[in-house]
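Counting starts at 1 for both ligands and their atoms, following the listed order.
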Amino acid sequence: MDEVEALRATLLSAIEGASDLAALEEVRVHALGRKGQLTERMKSLGALDIEARKAMGVRLNAVKDDITTALAARKEQLGAAALNQRLAAERIDVTLPVRPEQEGRIHPITQVIDELVAIFADMGFTVAEGPDIEDDFHNFTALNIPPEHPARQMHDTFYLPPGPNGERKLLRTHTSPVQIRTMEAGPPPYRVIVPGRTYRVDYDMTHTPMFHQIEGLVIDTTSHMGHLKGCLTDLVRAFFELEDLPTRFRPSFFPFTEPSAEMDIGCSRKAGELKLGQGGDWLEILGCGMVHPKVLELSGVDPTRYQGFAFGLGVERCAMLKYGIPDLRTFFEADLRWLRHYGFSALDVPSLATGLSR
Ligand code: DAH
């Protein structure tokens, strides 16, 4: 075997022997690289005379072709083998049981807000928001709350230190100021709900300094008390998932509505146990009324053309009633055991289409 044949045999067997892609690349550089064996042989052609150069050139080129072909073939082989190995190693057995990982829970307040928003969205409401830090005008004055009203007292409301102009901002005591902000922002009609945090100086079994409300506002030219009753009756029946839940509207007073009402839902209290539905007893659930003409006027809406209703309900109260949570304060104690017990799965997104129950 002459030298060229020997070179070809060595290189081919090195290619065959390369056990992975990195080794194969090494062989390639060794043969065809700038200082590779075959490359060096080609460079030395210049020293030969013309006939010999021609003959040797043809042979070396043939070797180069063979080596190139062999390299490509082996590369494909090794690549496929590597892929197969990875596929085998990364195989997932989808029949294995899920690893027991701790899943986070949705807080009942978030859950109940989502449920209520889903119901209102079905009725054509959109969600509006406003600031937690309010001014006196939006929280009180524009809502027709008189200067001597107890809610304005220092001991009921969290006031901030006075600003440069002496004005004292406050933590909103209800979501009602967003009624005003909605009306200031553009012309009627309005059909909005406002979920949000509210603050009062209070702390016992049924009061916490921060709690949540959902405000509602419907204003157009024709909305009347019948719409208010129908809308809120549909709401509580959908929310509590009781189609025949009795409702009752009792006359009441709020400065920002006229007439004002409180809505009760039917229940029974037997042996100290509360059960929603028919039963002869009543439970107060929310405040509502026809928006006072003065409130419309103070918000820049013409009360001779427009009218409508508003309502406000407590989110925690709704959560406690629907899911049997006894103590309001536990909502804010950040106790993981409590959250695991009363919380909801994140995968269980409420919507009217899929049903609201767990
Ligand atoms: N803002 C009232 C409260 O916090 C609740 C309320 C009552 C809101 C009647 C309303 C309403 O919009 O019409 O006690």
Side-chain angles (χ1 to χ4, degrees), residues 113 116 120 123 125 127-132 134-146 149-153 156-158 170-184 188 190-202 206-220 223-233 235-236 247-265 283-296 298-299 301 303 306-318 328:
I113 289 177
L116 290 167
F120 280 117
M123 298 185 194
F125 283 76
V127 172
E129 283 181 313
D132 287 22
E134 261 301 358
D135 51 47
D136 184 274
F137 177 76
H138 290 92
N139 196 82
F140 295 125
T141 308
L143 287 161
N144 195 33
I145 297 175
H149 196 278
R152 291 191 141 170
Q153 303 304 303
D156 284 335
T157 302
F158 291 107
L170 52 92
L171 294 179
R172 66 180 178 192
T173 59
H174 48 183
T175 41
S176 304
V178 189
Q179 287 189 32
I180 310 301
R181 291 189 178 276
T182 301
M183 293 191 272
E184 286 172 338
Y190 313 109
R191 188 179 291 184
V192 297
I193 50 161
V194 184
R197 292 193 180 97
T198 50
Y199 307 83
R200 287 179 204 172
V201 183
D202 231 342
T206 50
H207 298 88
T208 48
M210 189 276 298
F211 57 103
H212 297 75
Q213 290 188 336
I214 293 190
E215 191 78 15
L217 177 69
V218 174
I219 302 286
D220 52 39
S223 280
H224 54 67
M225 195 99 188
H227 297 137
L228 175 158
K229 292 173 77 175
C231 169
L232 294 177
T233 299
L235 167 77
V236 292
T247 59
R248 174 174 90 168
F249 290 82
R250 258 182 308 109
S252 183
F253 175 79
F254 300 103
F256 33 89
T257 45
E258 183 57 38
S260 304
E262 252 148 348
M263 182 188 188
D264 296 341
I265 53 177
L283 188 71
E284 185 191 319
I285 187 79
L286 56 80
C288 55
M290 300 305 294
V291 176
H292 199 296
K294 257 185 161 166
V295 173
L296 294 176
L298 283 163
S299 308
V301 172
Y306 295 104
Q307 60 180 44
F309 59 91
F311 51 89
L313 60 86
V315 174
E316 285 82 354
R317 187 169 166 74
C318 287
L328 173 66

Out of Thr157, Thr141, Asn139, which residue meets the side-chain hydrogen bond (donor to acceptor under 3.5 Å, both in side chains) rule with Arg152?
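Answer after filtering Thr157, Thr141, Asn139: Thr141.
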How far apart are the closest heavy atoms of Thr175 and Gln213, and which atoms are they?
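Where Thr175 meets Gln213 most closely, the heavy atoms are N-OE1, 2.9 Å.
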Let me know which protein residues bring a heavy atom to under 4.0 Å of ligand 1; chain then number is fine for ordering.
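Around ligand 1, where the cutoff is 4.0 Å for heavy atoms, the contacting residues are His174, Ser176, Gln179, Arg200, Gln213, Glu215, Phe254, Phe256, Thr257, Gly287, Cys288, Gly289, Ala310, Phe311, Gly312.
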Apply salt bridge (Lys or Arg N to Asp or Glu O under 4.0 Å) to residues Arg172 and Asp132 and explain how you reach the verdict.
CA-CA 6 Å; Arg172 66 180 178 192; Asp132 287 22; 3.5 Å; yes
For residues 307-318, which residue pairs qualify under side-chain hydrogen bond (donor to acceptor under 3.5 Å, both in side chains), counting only residues two or more places apart or in two chains?
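Of all non-adjacent pairs touching residues 307-318, those that pass side-chain hydrogen bond (donor to acceptor under 3.5 Å, both in side chains) are His212-Glu316.
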Should we say atom CZ of Arg250 is surrounded by more than 12 heavy atoms from elsewhere, each under 6.0 Å from it?
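Above 12, so yes.
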Answer with yes or no after comparing the ring centroid distance for Phe311 and Phe120 against a 6.0 Å cut-off, counting only values under it.
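Ring centres of Phe120 and Phe311 closer than 6.0 Å.
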